[in-house]
Chemist: 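One structure coming up, written as C-alpha cells, with questions to follow.
So that the names make sense, note that chain A is the first sequence line, chain B the second, and so on, each numbered from 1. Atom set for the values below is all heavy atoms of this structure, side chains included, hydrogens, waters and symmetry mates excluded.
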Amino acid sequence: MRVQRRFRLSRSEDFKRVRRTGKSYAHPLVVLVTQASETKDRLKIGITAGKTTGTGVHRNRAKRLLREAIRNLIPSIASGWDLILIARPALVTATLADTRSALTNLLKRAKLLSADETPG
RNA sequence: CAGGUUGGUCGGGCAGUCGCGGUCCUGCGUUGACGGGAUCGAGGAAAGUCCGCACUCCUAUAGAGCACGGCGUCGGAUAGCACCCGGGGCGGGGAAGUCCGUCAUUCGUUGACGGGAAGAUCGCCGAAAGGCGUGAACCUGCCGGAAAAGGGCCACAGAAACAAACAGCCCCGCGUUUCGCGGGGUGAUGGUGAAAAGGUGGUGUAAGAGACCACCGGCGCGCACAGUAAUGUGUGUGGCCAGGUAACCCCCGCCGGGAGCAAGGCCAAGCAGGGACGAUUUCGUCUGUGGACGAUGGGAGGCUGCUCGCCUCCAUACGCGCCCAUCCCUCUUGUGGGAUGAGUCAGUCCCGGGUAGGCUGCAUCGAGCGGCGCGGUGACGCACCGCCCAGAGAGAUGACUGCCCAAUGGCGCAUUGCGUCAUGGACAGAAUGCGGCUUAUAGACCAGCCUGAAGC
RNA sequence: CGGGGCGUGGCGCAGCCCGGCUAGCGCACUUGCAUGGGGUGCAAGGGGUCGGAGGUUCAAAUCCUCUCGCCCCGA
C-alpha cells in the first residue's frame, strides 16, 4: 500500500550500506537485496535502474513497473527490512504480471513473505 | 482531378476504479507508517551540446595592447546569435534511374532474377521502340584578399607545374660536307597530366610568337540606366590575357576576458585546531625566588528521595620529588643505583575556516503563454483582452476496464463501401531558464507553388 | 554539468600535425621447407567500407562540418 516517497530508501549512504552488507537474490528481470533495518517495524524499499538498463525512457519504465508490482505485495512483506530492487535490461520488455511473479519468487526465496496467499 | 514539390499544425481522445509528485486548505477522546478536500503535473524534439544570451563568481560598468580562436556577398530582423528572413552571384540536384518480391551477400549495402509504375514541360526527328535538344516549381552547397603584398605545396607522368632551361626550328662561325662543335635568336612543336601560357583565320618573320589585324571569349576600368545595396543590363576602352590551392600559412576587416547553477549565497553536527576562564582561600612550617608540605576551605563525580555524612578524583609551566613501563649494573635476591620513555588538570565558555548534511539560487511576472486585430513578401513588430502554467530529493505522469479515432490482417455482405472479430499506438522523459541549429520520429490534417488533363 | 581522448586486417598499435608513395609493424591465420612427430625456426601468401554521411581539392585514413559508439578525468 505504501509506495510513497517517505517509505523509500533515498540516501546514498543507505544504498551503499545495503548493497555492501545485505544479501542478494537474482532473477533475470530484477535483483533483490535485503538487509535487516536499524529501526524495527519499518519497511523501506529502494528502486534503482542503472545505465545498463537503457535510455531515460527505459529506466523510468523499469522503475514504474517495479513500483506498481511491489505495491500490492507490500502488506504481505515482513517489516523491519531494507530492500533494494535493481532493474535488469530484460525488464523493459516485460509485462506487469511477469514482474509481479518475479518479485513474488524473490521474496519467497528471501523468506520475507509473511502471508502465503499473494494478493492481486 | 492527377503528378511533383515545399511549408505549417497535431502527434491519440473521452469516461470510470486504484495509485504517484508539488502547492493550498482541513479533521482528531487515537498526533501517526493517521485521514479528508481542492488544484496543477513532460516534449516537438525535453535529446545532442554546435552556437548565442540571461544570471553568478573571479572582479571592477573587461577599458587598452599582444597572443589565440571564431566569423566574412548585400540589405533586414533581434536583447543577442556563423546557422533566422528577404535578395545577389557562381555551381549541383530536379533532369535515367526508381519501387516491390525472391535468392546470395562482408548484414553497411551490393549483385542476380522476376514483376510494377514512370521518364516535368516544350520543340525537332522517327512507323514504332526510342533518339537529340530545351529545361519549370522547388531543394541544396559556397561567398573578403577577382590568389598581381608575400611564402609554401602541386604525387605519378612529363622537357617544363610558373620561371627559365632541354630537345626541336632558324641564323652566324669553325671543322667539314651522312653530320658534329661553339655562339646567338625564338617561344610552344614535344605520346604526359587534374591542370601546359585565350580560340579561329590571317599578316608578319631567318625562324617564330597577341608581335600585329579581324571576329569571338574572359577579366578590369569609365559612363548611362534600374536597384537602399550587393548586383544586373547596355555601351565605350591608345587597359589586360593573369594555372590551381586561403575548409595550407598568411594579409585585411569585425567579434570574443575566463569559468560555469555541481556557478554562487546562507546555516552548520562530529573530529581536529586556536583562545579565554578556571579553586593555593585562611593559618602554620620550610625556602634565595617561584613555590612545597600539613591542617582548613574549595571544585567535579558517586552512594541517597533530600540534608548530613562517607568515598574517589582535581590543583598549570621550569626545576625537584613521586608513580608506572622497559633496559643495564649490583646483591641485601620481596634490595639499592642508573638510563630511556610515556603520563602529569576535572570542567565551563568562545572563535574562525569549514566536512557530512540542510536551506537557497529554483519555478508565478518572464526577451512568459493564449486569443484577436493591424503593419511587413518574410524573419518579426505594435495595440487590446485574458491567464499564471510542472518542478526535485535515488529523481513524480503509471496499472486496469469500456467506448471512440487512425492503422494492419481475417471473415461475411458486397465490390466506392458496410458490418464483425482480432492485433494494436512513432521517436522519446524536464533537472537554472531562454533563442537558434542539428539529429530521431508511426501516422493524421491543412495550405502554397509548378506541370498536365477536363469542365465552366 | 564541464573538460579531454580514442575508433585503421581476428587482436594490439604506427601513419594524420605538414594531403599523393602498394596504408605499415608485431602477434594470430594458411601453405611449404626442416623434424620420426610436435614445438621452435626459415620462406611464401591471404585478409582493410581507415566508425558513418556530406563537403573542400586533380586527389582525403589525413583538412572542414554533421553524426554514431566507447573510454578517462574534475567538482
Chemist: Does A/R59 get its side chain close enough to the base of B/G395, under 3.5 Å, for a donor-acceptor pair?
Modeler: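 Side chain to base: no pair present.
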Chemist: Roughly how far apart, to the nearest Å, are B/U340 and B/G309 at atom C1'?
Modeler: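 Comparing C1' positions in B/U340 and B/G309 gives a spacing of 47 Å.
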Chemist: Which sits closer to the 5' end of RNA chain B, A/L65 or A/V57, going by the nucleotide each is nearest to?
Modeler: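 Its nearest nucleotide lies further toward 5', so the answer is A/L65.
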Chemist: Nearest whole Å is fine: how far is B/A390 C1' from A/N60 CG?
Modeler: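 Nearest whole value for this atom pair: 15 Å.
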Chemist: In whole angstrom, give the distance that lies between atom CD1 of A/I70 and atom P of B/A399.
Modeler: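 Rounding to the nearest Å, CD1 of A/I70 and P of B/A399 are 17 Å apart.
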Chemist: Can you tell me the distance, in whole Å, between the NE2 atom of A/H58 and the P atom of B/A440?
Modeler: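 After rounding, the gap between these two atoms is 18 Å.
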Chemist: Figure out the CD1/C1' separation between A/I47 and B/G19, and round it to whole Å.
Modeler: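 In whole Å, B/G19 C1' and A/I47 CD1 are 13 Å from each other.
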Chemist: Roughly how far, to the nearest 0.5 Å, is CG of A/L73 from CD1 of A/I70?
Modeler: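 It is 5.5 Å, given to the nearest 0.5 Å.
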Chemist: Would you measure the distance from the C1' atom in C/U35 across to the matching atom in C/G26 and give it in whole Å?
Modeler: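 The answer is 27 Å between these two C1' atoms.
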Chemist: Closer than 4.0 Å, any side-chain N/O of A/R61 to the OP1 or OP2 of B/A399?
Modeler: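 Yes, within the criterion.
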Chemist: Could you state the interatomic distance from OG1 (A/T48) to CG (A/L66), rounded to the nearest 0.5 Å?
Modeler: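 Nearest 0.5 Å value for the OG1-CG distance: 10.0 Å.
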Chemist: Expressed in whole Å, how much space separates the C1' atoms belonging to B/U121 and B/G452?
Modeler: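 Comparing C1' positions in B/U121 and B/G452 gives a spacing of 9 Å.
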